[in-house]
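In listed order, ligands and their atoms are each counted from 1.
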Amino acid sequence: MDARIRILVIVACFFPVLVESAVRHYKFDVVLKNTARLCSSKPIVTVNGKFPGPTLYAREDDTVIVKVTNHVKYNVSIHWHGVRQLRTGWSDGPAYITQCPIPTGKSYVYNFTVTGQRGTLLWHAHILWLRSTVHGAIVILPKRGVPYPFPKPQKEVVVVLAEWWKSDTEAVINEALKSGLAPNVSDAHTINGHPGPVSSCPSQGGFKLPVDTGKTYLLRLINAALNEELFFKIAGHTLTVVEVDATYVKPFKTDTILIAPGQTTNVLVSADKTAGKYMVAASPFMDAPIAVDNLTATATLHYSGTLDNSPTTLTPTPPKNATSVANSFINSLRALNSKQFPALVPQTIDHNLYFTVGLGINSCPSCKAGNGSPVVASINNVTFVMPTTALLQAHYFNISGVFTTDFPSKPPHVFNYSGTPPKNLQTMSGTKVFKLAYNSTVQLVLQDTGIISPENHPIHLHGFNFYAVGRGIGNYNPKTDPQNFNLVDPVERNTIGVPSGGWVAIRFRADNPGVWFLHCHLEVHTTWGLKMAFLVENGKGPNQSILPPPSDLPKC
Ligand code: C2O
């Protein structure tokens with residue numbers, strides 16, 4: 001045997017870790033399924049007939065191949081929320097941004113490698129309001145042989161929080177667009193598909209989480225709701241937060257989690273009682289005068305050996321406007337920033353961006369909706385108009401006329417953003433992107449506006465994680481606020497709440513060429529136009545350039 005081969009064989013035997021990364025194949029069939037929830041039954045769009053959908057498992061460095069086939073009447077696309085998609089924007093999924101959607105009867109194969117990430121993420125439909133029922137978990141395990149940086153739990157459980165409407169969600173949003181006003185709030189929140197015994201349907205049981213005394217459980221929490229930030233707690237049990245958005249954090253204890261749509265949070269729970277049933281609760285957070293679904297979804301932590309009919313220990317939920325509970329959770333989040341998992345916060349900035357996020361009124365005398373002034377939403381006063389050709393295709397193939405590159409780096413009109421809004425609430429519309437050179441560093445301050453009402457906006461950036469370096473109430477002050485930025489161990493994530501009437505500052509490095517969507521993860525705001533895209537140019541050579549599109553990429 002050739003000496004080199006012999007060494008390779010020996011190395012492979014002793015260090016199997018070297019040949020570990022695998023290819024994982026999944027088949028996602030998008031189908032209509034009749035599902036009973038809340039004493040009503042209706043057909044919903046699902047993946048493989050499941051609600052929530054199937055969990056996708058991978059290890060860091062694995063390649064994931066998902067063949068999605070569309071069997072429903074809607075066009076469909078699937079987004080792997082939080083997966084960085086290094087150079088593989090074609091597999092990111094937002095319809096008309098990185099791909100044309102998959103038409104009825106057709107398939108598309110998503111193919112991506114999970115690099116430098118471990119933890120919990122989610123996948124969801126990224127077109128219309130289909131993600132209300134088309135969503136599920138992504139579990140990324142650390143590389144084989146690499147332990148968690150926290151005590152290994154005896155068991156892991158995926159917990160998906162969502163919202164349920166009795167009527168069809170496409171009808172809900174279409175009616176709202178016709179009226180020009182806000183859509184109906186949901187009829188219940190759900191925990192792993194079940195609302196629990198809410199008043200309108202007392203017979204409905206809830207999700208049951210069986211536990212054994214003395215064991216520790218890792219709960220992989222996902223907020224897959226369309227429009228609601230949620231508090232989550234378990235009666236009588238402390239939660240230890242170890243990870244958010246598939247990045248490790250310095251562990252801390254809390255009794256209440258805040259989780260916005262698109263965010264994920266891993267917590268350790270020790271089953272430290274001898275027996276009993278304990279209420280698990282998910283309830284809304286909204287600290288602005290905006291209507292929300294007030295119902296608390298409940299589930300049960302059920303100790304083995306406890307009779308089914310024994311009483312459940314209840315827990316009060318925070319009032320929906322509990323800003324202080326939300327703040328104390330957010331302020332406790334810090335990147336783990338260990339030697340093995342360092343926080344690589346950009347210390348210098350190439351692009352200093354200031355984006356206002358909020359609502360507006362479109363004065364449109366000929367519109368029936370809103371008596372000629374329907375509600376819209378915008379970033380820097382631009383209400384994003386969805387193109388009919390995907391932006392990434394237009395960029396890659398140099399198709400002109402699809403978008404312009406003049407997205408403003410700061411608000412076009414200066415006003416007291418967090419105070420009384422100006423008289424003219426009209427936004428401009430366009431399909432505008434902001435161009436970034438490969439590997440440039442970006443500081444982006446997201447400023448809420450009080451137009452119509454201040455409101456907490458969970459903003460999601462595709463293609464990147466970012467560091468949340470600063471946060472405040474009122475208007476951002478570019479002279480004084482940066483002095484308080486945390487550039488050492490700020491939490492790293494992909495979705496962040498801009499506080500009601502306040503701002504957050506994030507930093508990231510544009511090291512992923514492609515077209516990357518940035519939008520509010522409250523679906524109603526995305527629909528209204530609170531979205532834009534970054535165009536990150538190729539760097540030098542093929543390793544810093546977008547890969548060519550796959551041959552089955554759907555056509556518009
Ligand atoms: Cu989770 Cu663009 O979305």
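- Taking backbone and side chain together, His126 holds an N, O or S atom under 2.8 Å from atom 2 (Cu) of ligand 1.
- Between Phe28 and Tyr26, the angle of the ring planes goes over 60°, which puts this pair in the perpendicular group of the 30/60° scheme.
- Side-chain polar atoms of Asp287 and Thr323 form a donor-acceptor pair below 3.5 angstrom.
- Side-chain polar atoms of Glu523 and Asn227 form no donor-acceptor pair below 3.5 angstrom.
- Between Asn70 and the options Val45, Val76, Ile78, Val31, a side-chain contact (heavy atoms from CB on, under 4.5 Å) holds for only Val76.
- His462 contributes atom NE2 as its closest N/O/S atom to atom 2 (Cu) of ligand 1.
- Distances from atom 1 (Cu) of ligand 1 to the N/O/S atoms of His81 are shortest for ND1.
- At least one N, O or S atom of His519, from either the backbone or the side chain, sits less than 2.8 Å from atom 2 (Cu) of ligand 1.
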